[in-house]
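The structure appears right after this line, and notes come after that.
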Amino acid sequence: VKLRNSAHRGWRGLQNHVFVPSLLGHARAHAQVCEALRTRPSTGKLARLACAMGEPRTALNRDGVRSVVLSWPTAFAVVLAGALLFTHVRRRSANGLEETWWHGDVIAAAAVATLLVVRVTRQYPSGSAKQSKPVVRPAGPLATNVVFRLTPEERIVPALVASQEQEAWFDDIVSQICEVKLGIFYGELGGEELPSWKPGAFRRSLLGVREALGSSASAWPHGGTMHEPLDDIALAARLIANDLDVTATARVAREYAAFRLPTSGGGVLPSLEWITSGVALLPCEDRLGRPVIVIRPRYHRPGNIEMFRAGLRTTLDAVKAHFLNKRTAEFSNNNPLEQYAMVWDFGGASWSNADWEAFHTTLHEGTHHYPNMGSQIYVLNVSKPFRWFWSTACRFLHPKIRRKCCLVAPGNVRACMEQVLDPASLPPEYGGTGRPWMGPSEARFFEDQVGELAAAVYLRAGVVPQGAKPPRSDGGMGRSDECDKEEVWAKVLAPRKRSDASDCWCGCAG
């Protein structure tokens with residue numbers, strides 16, 4: 001009772017100097033509140049105890065602004081004091097007597113609110129609470145004039161358009177891809193069979209979207225020079241994603257051109273924070289020539305969705321760059337739409353790694369910016385808790401995505417991976433003889449951080465972030481692992497200047 005009365009008097013005095021709702025709503029106000037609590041004598045004991053139990057500290061948030069982060073004791077005391085203020089409501093009963101809410105409910109509500117307010121994830125390094133100006137995060141891993149070119153510099157990427165002799169083959173192969181009938185199947189399929197298109201529907205839609213977009217040079221100004229050209233591969237992938245809707249496909253294609261403008265037509269630069277997280281690897285191709293993206297949720301830490309979005313984009317851009325570097329003038333027989341395979345290894349993951357915001361971001365990026373790039377998704381180490389998660393998440397997935405998923409139990413992981421990958425590319429933990437897929441703490445080389453394929457792409461494009469591990473070799477310059485790493489690394493990190501408009505080709509290759 002004494003604490004209650006003290007807090008009640010203290011918060012009444014506090015209202016005259018500090019706007020109380022800002023206490024939980026604005027990080028900067030925390031420091032002002034605590035300063036007022038320490039200096040004003042009329043504040044109650046519990047209110048002053050809120051700051052005495054723990055000093056406020058500062059941390060860099062995801063936007064690079066230094067904000068106040070309260071410790072657990074401080075946050076609980078502050079939330080408890082606020083709950084005592086806002087829930088100290090008197091009401092009259094039927095017999096006219098005054099009753100007060102039970103303060104046990106108040107304490108329970110304060111504890112729940114504390115769990116919601118205080119961040120329990122990893123914080124950035126703390127600094128001084130006396131700084132009032134925002135601290136800007138250091139500049140990105142590369143200079144601002146560096147462009148991640150997805151196409152090779154020495155040649156123009158050919159635009160692949162199905163000829164009259166290839167029309168029947170191309171229509172049939174795209175229809176099989178849409179129905180998820182091409183691939184390496186193992187385990188339990190995550191979705192039901194998909195209906196087939198009507199004969200000739202794809203051809204009519206393809207001709208319609210070609211006419212709607214007009215000239216490829218105007219639709220995709222950087223197509224074929226900085227990123228992939230606007231050809232039948234790009235249009236077929238978007239037609240599949242939009243169920244042959246010509247209007248929607250044309251809109252998504254135009255949005256893609258706008259999406260590439262901020263990066264001068266190139267890809268999203270890899271950040272040091274992303275490659276050192278160990279969440280994603282691009283180590284090799286599977287037996288069908290599809291690049292394999294390995295996702296390890298056990299290394300994911302929720303709370304920085306912008307870093308995750310940029311990391312997802314740069315990984316998929318690495319896949320695009322890999323395909324464009326090896327593209328010839330003919331369609332690939334095994335992988336005509338240049339798709340990748342994805343492996344989700346849930347081994348070692350827990351509920352602390354679950355992130356619904358990242359899940360929805362992945363769906364959004366796959367729908368708008370990277371449509372239908374994924375061919376199949378192998379979900380490894382499926383446990384009973386994951387099946388509950390899957391039953392909830394699959395309601396948000398398109399039937400095509402559900403059909404692409406192959407759920408593999410822990411006892412069948414090795415057999416599945418041996419069927420998907422060549423033994424020379426498969427790490428020993430999955431029964432192969434290849435290099436191990438190391439975690440972020442064990443990585444010694446750049447290839448260990450991002451995978452062999454991604455490392456080759458980033459090294460070739462000159463976009464390796466400052467602070468990354470050194471490459472395993474010098475990229476084929478005839479030097480061994482024992483060579484002078486500093487000399488090799490200086491060549492790798494040499495910044496690539498942004499090309500002037502006069503130095504870039506315009507229009508679409510073909």
Side-chain angles (χ1 to χ4, degrees), residues 141 148-150 152 184 267-272 274-296 299 311-327 332 334-335 338-345 373-375 378 380 417-418 420-465 467-483 485 488-489 491-493:
F148 180 12
R149 183 175 183 148
L150 303 184
I184 302 173
V268 176
L269 295 172
S271 67
L272 181 64
W274 172 254
I275 69 171
T276 56
S277 67
V279 175
L281 295 177
L282 185 61
C284 59
E285 293 183 347
D286 67 0
R287 296 180 184 271
L288 296 180
R290 303 175 299 184
V292 178
I293 299 178
V294 181
I295 303 295
R296 302 177 291 183
Y299 298 125
L312 176 64
R313 289 175 177 177
T314 191
T315 302
L316 296 179
D317 284 341
V319 173
K320 286 179 177 289
H322 172 74
F323 275 125
L324 295 175
N325 186 66
K326 60 182 292 188
R327 181 186 285 194
S332 170
N334 293 331
N335 192 11
E338 298 180 345
Q339 296 176 292
Y340 64 83
M342 181 173 284
V343 174
W344 284 77
D345 188 354
M373 281 189 64
S375 176
Y378 301 95
L380 308 183
M417 296 299 287
E418 289 173 354
V420 174
L421 296 178
D422 185 81
S425 303
L426 198 62
E429 61 179 309
Y430 297 110
T433 59
R435 296 182 183 274
W437 295 341
M438 296 183 178
S441 59
E442 296 87 14
R444 297 176 53 215
F445 301 105
F446 184 54
E447 290 82 355
D448 299 331
Q449 292 180 308
V450 297
E452 299 285 345
L453 291 189
V457 168
Y458 295 145
L459 289 168
R460 184 169 56 245
V463 294
V464 179
K469 298 288 185 179
R472 182 172 287 113
S473 65
D474 61 353
M477 291 187 287
R479 300 171 67 93
S480 63
D481 289 344
E482 291 76 23
C483 69
K485 292 294 182 181
V488 176
W489 207 228
K491 295 179 181 180
V492 170
L493 294 178

- Task: Go through the steps for Lys469 and Asp448 under the test side chain to side chain contact (heavy atoms under 4.5 Å, CB included), then give the verdict.
- Result: CA-CA 9 Å; Lys469 298 288 185 179; Asp448 299 331; over 6 Å; no
- Message: Checking Asp345 against Tyr430 for the side chain to side chain contact (heavy atoms under 4.5 Å, CB included) test, could you report, in this order, the C-alpha distance in whole Å, the side-chain angles of both residues, the deciding distance, and whether it holds?
- Response: CA-CA 11 Å; Asp345 188 354; Tyr430 297 110; 2.3 Å; yes
- Task: Run the numbers on Ile293 and Met373 for side chain to side chain contact (heavy atoms under 4.5 Å, CB included), then give the verdict.
- Result: CA-CA 11 Å; Ile293 299 178; Met373 281 189 64; over 6 Å; no
- Item | side-chain hydrogen bond (donor to acceptor under 3.5 Å, both in side chains) assessment of Asp286 paired with Tyr378 | CA-CA 12 Å; Asp286 67 0; Tyr378 301 95; 5.3 Å; no
- Message: What verdict does the salt bridge (charged side-chain N to carboxylate O under 4.0 Å, His left out) test give for Arg327 and Glu338, after you've listed the backbone C-alpha separation in whole Å, the side-chain angles of each residue and the deciding distance to 0.1 Å?
- Response: CA-CA 9 Å; Arg327 181 186 285 194; Glu338 298 180 345; 2.9 Å; yes
- Query: Please walk me through it: do Met342 and Ile295 pass side chain to side chain contact (heavy atoms under 4.5 Å, CB included)?
  - Reply: CA-CA 7 Å; Met342 181 173 284; Ile295 303 295; 4.1 Å; yes
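Note that NZ of Lys326 and CD of Glu285 are 3.5 Å apart. Values are rounded to the nearest 0.5 Å. To the nearest 0.5 Å, atom CZ of residue Phe445 and atom CZ of residue Arg435 are 8.0 Å apart. Going from atom CG of Leu281 over to atom CD1 of Ile275 covers 11.0 Å, rounded to the nearest 0.5 Å. Distance check: Cys284 SG to Arg290 CZ gives 11.5 Å after rounding to the nearest 0.5 Å. A distance of 10.5 Å separates CE in Met417 from CD1 in Ile184, rounded to the nearest 0.5 Å.
In this structure, Val457 and Ala318 approach most closely via the heavy-atom pair CG2-O, 3.6 Å. Closest heavy-atom contact between Thr314 and Val268: OG1-O, 2.7 Å. Of all non-hydrogen atoms in Ser425 and Trp437, the two that sit nearest each other are O-CZ2, 4.1 Å. Taking all atoms of both residues into account, the shortest heavy-atom contact from Gly278 to Tyr299 is O-CD1, 3.3 Å. Contact detail for Arg287 and Glu418: the closest heavy-atom pair is NH2-O, 3.0 Å. Minimum heavy-atom separation, Leu272 to Ala468: CD1-N, 3.7 Å.
Side chains of Pro440 and Thr276 form no contact here, defined as non-hydrogen atoms less than 4.5 Å apart. Using a 4.5 Å heavy-atom cutoff, the side chains of Ser375 and Asn335 are not in contact. Contact check for Pro465 versus Leu269: no side-chain heavy atoms found under the 4.5 Å cut-off. At least one side-chain heavy atom of Phe323 sits less than 4.5 Å from a side-chain heavy atom of Pro291. For the pair Glu447/Leu459, a side-chain contact is recorded, criterion being any heavy-atom separation below 4.5 Å from C-beta on.
Formation of a donor-acceptor pair under 3.5 Å by the Arg296 side chain with backbone atoms of Val279 is not found in this model.
Just one of Val319, Val450, Leu316 meets the side-chain contact (heavy atoms from CB on, under 4.5 Å) condition when paired with Leu282; it is Val319.
In the displayed structure, Arg444 atom CZ is contacted under 6.0 Å by at most 12 heavy atoms of other residues, nucleotides or ligands.
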